[in-house]
Amino acid sequence: MTDPIADLLARIRNALQARHEEIVVPGSRIKIEIARILKEEGFVSDYRFDEDGKQGCITIVPRYDASNRGIIRGLKRVSKPSRRFYVGKNDVPRVRNGLGVAILTTPRGVITDRHARSLGVGGEVLCYVW
């Protein structure tokens, strides 16, 4: 697999469309950080990492609204293996005028666009979530 983050986003998108209760994806440190941010921002109910002796599995529990639609309306992979997308501290993007979240990897770790602006750092924009 050449792009595990795009695979994570595609699995989340497909599971929301199929109204699954849980999403199970292969584990990695960056995927755990993305799941942590999704939980902090209220896009998913919970996540957990299960060690299985190899790379482990991340189980994500998505959130749905009263009409059984996913809270996550859209996911977009920005920086790809073929085309990396870096931004400076003054160019950190806003997603849907602040309604969405840009997830960045910076020297301070994997953080949201709002946190990057408050810290005054830039980095690689991994994805947009709204």
Undergrad: Is Asp113 close to Val101 at the side-chain level, that is, under 4.5 Å between some pair of heavy atoms?
TA: yes
Undergrad: To the closest 0.5 Å, what do you measure between OG (Ser79) and CD1 (Ile103)?
TA: 13.0 Å
Undergrad: Treating Ile, Leu, Val, Met, Phe, Trp and Tyr as nodes and any side-chain heavy-atom pair under 4.5 angstrom as an edge, say whether Phe85 and Trp130 lie in one connected cluster.
TA: yes
Undergrad: Test your reading of the model: is there a side-chain donor-acceptor pair from Arg117 to the backbone of Pro93, 3.5 Å cut-off?
TA: yes
Undergrad: So which heavy atom on Gly123 is nearest to which on Leu104, and how close?
TA: N-CD2, 4.2 Å
Undergrad: Can you spot which of Ile71, Leu75, Ile12 makes a side chain to side chain contact (heavy atoms under 4.5 Å, CB included) with Val129?
TA: Leu75
Undergrad: Please lay out, stage by stage, how Val110 and Thr105 fare under the test side-chain contact (heavy atoms from CB on, under 4.5 Å).
TA: CA-CA 4 Å; Val110 180; Thr105 179; 4.2 Å; yes
Undergrad: Would you give the length of the straight line joining atom CZ of Arg36 to atom CD of Glu41, rounded to the nearest 0.5 angstrom?
TA: 10.0 Å
Undergrad: So Tyr47 and Ile32, side-chain contact (heavy atoms from CB on, under 4.5 Å) or not? Walk me through it.
TA: CA-CA 8 Å; Tyr47 75 95; Ile32 292 170; 4.2 Å; yes
Undergrad: side-chain contact (heavy atoms from CB on, under 4.5 Å) between Val121 and Ile111: does it pass, once the steps are laid out?
TA: CA-CA 10 Å; Val121 296; Ile111 57 176; 4.0 Å; yes
Undergrad: Run the salt-bridge test on Arg29 and Glu33 with the 4.0 Å N-O cut-off and return the result as yes or no.
TA: no
Undergrad: Using the rule that two of Ile, Leu, Val, Met, Phe, Trp, Tyr join whenever any of their side-chain heavy atoms come within less than 4.5 Å, decide whether Val78 and Ile34 are in one cluster.
TA: no
Undergrad: Check whether Arg84 reaches the backbone of Glu124 with its side chain - one donor and one acceptor, N or O, closer than 3.5 Å.
TA: no
Undergrad: State plainly whether one hydrophobic cluster holds both Tyr128 and Phe43, where clusters connect Ile, Leu, Val, Met, Phe, Trp and Tyr through side-chain heavy atoms under 4.5 angstrom apart.
TA: no
Undergrad: For the pair Glu21 and Val61, evaluate side-chain contact (heavy atoms from CB on, under 4.5 Å) and give the outcome as yes or no after the intermediate values.
TA: CA-CA 6 Å; Glu21 296 294 322; Val61 180; 6.0 Å; no
Undergrad: Can you check whether Ile58 reaches Leu8 side chain to side chain, under 4.5 Å on heavy atoms?
TA: no
Undergrad: Counting only heavy atoms not in Arg108, do more than 12 sit closer than 6.0 Å to its CZ atom?
TA: no
Undergrad: With rounding to the nearest 0.5 angstrom, report the CZ to CZ distance, Arg69 to Arg63.
TA: 14.0 Å
Undergrad: Considering only NZ, NE, NH1 and NH2 on the basic side and carboxylate oxygens on the acidic side, decide whether Arg48 and Asp50 come within less than 4.0 Å.
TA: yes
Undergrad: Does Ala10 offer a backbone N or O that forms a donor-acceptor pair with the side chain of Arg77 under 3.5 Å?
TA: no
Undergrad: Does Val125 share a hydrophobic cluster with Ile30, counting links as ILVMFWY side-chain heavy atoms below 4.5 Å and allowing steps through other members?
TA: no
Undergrad: Test your reading of the model: is there a side-chain donor-acceptor pair from Lys31 to the backbone of Pro26, 3.5 Å cut-off?
TA: yes
Undergrad: Taking the side chain as C-beta and beyond, is there a heavy-atom pair between Pro62 and Ile23 under 4.5 Å?
TA: yes
Undergrad: Spell out, yes or no, whether Ile72 and Val95 are grouped together once hydrophobic residues are joined by side-chain heavy atoms under 4.5 Å, including indirect joins.
TA: no
Undergrad: Measure the CZ-CD1 distance between Phe49 and Ile60 for me, rounded to the nearest 0.5 Å.
TA: 12.0 Å
Undergrad: Do you know the tightest heavy-atom contact between Thr106 and Gly122?
TA: CG2-O, 3.4 Å
Undergrad: Measuring from atom CD of Glu51 to atom NZ of Lys54, what distance do you get when rounded to the nearest 0.5 angstrom?
TA: 11.5 Å
Undergrad: Can you tell me how far apart CG (Leu126) and CD1 (Ile5) are? Round to the nearest 0.5 Å.
TA: 5.0 Å
